[in-house]
Amino acid sequence: MSQDSKLYTTRSLILTAVIAIVGSVLVLEITGKIDHSDNKENLPIGEFTAIQVIPGESFNMSSKASELHARCENGYLAIAADIDPSYLGVLVDYKNRGVRCSRPSPTGPSALPEPENPGQRDQSDD
């Protein structure tokens with residue numbers, strides 16, 4: 001087949017595909033089909049996987065460090081970005097429950113009920 005008998009060149013087909021993709025995105029943007037959320041409160045920061053650590057057994061993990069770090073915020077584990085300190089999110093499980101930083105003591109002050117009349121002695125002890 002000679003060059004004169006080709007109906008479309010490769011360059012024109014690639015150009016047509018690029019124009020079609022850009023045009024489709026523009027039409028979706030103009031009609032409001034692409035949602036750009038301004039609410040950054042419930043956006044996922046990342047997807048995390050837990051690796052079970054069994055004493056005496058090795059586990060595979062990348063040697064390269066993440067660009068995130070963890071810290072405790074109000075008793076819950078929070079993930080923060082190393083680059084932007086304002087980028088902070090609390091780690092939650094699949095039911096949107098917060099992951100605690102430490103295990104509360106079963107006999108600690110938060111686990112015991114407060115007395116109804118603090119400062120007054122119980123009269124039944126006398």
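Bear in mind that the values here come from a model prediction, so they are computed numbers and not experimental data.
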Reported CD1-to-CD distance for the pair I79 and E73, which is rounded to 0.5 angstrom: 11.0 Å
Over 12 foreign heavy atoms within 6.0 Å of CG, N74: no
To the nearest 0.5 Å, what is the distance between CD1 on I34 and CG on L28? 5.0 Å
Rounded distance [0.5 Å steps], CZ in R11 versus OG1 in T16: 12.5 Å
Note: N60 and I51 closest approach over all heavy atoms is O-CD1, 3.6 Å
Same apolar cluster (I L V M F W Y, side chains within < 4.5 Å links), V27/I21: no
Cluster question for you: counting only ILVMFWY and a side-chain heavy-atom cut-off of under 4.5 Å, with indirect links fine, are L13 and L7 together? yes
Mind checking the CG-CD spacing from D82 to E67? Nearest 0.5 Å is all I need. 7.0 Å
Output for pair (L68 CG, Y87 OH), nearest 0.5 Å, gives 8.0 Å
In this structure, CD1 of I19 is separated from CG of L26 (nearest 0.5 Å) by 11.5 Å
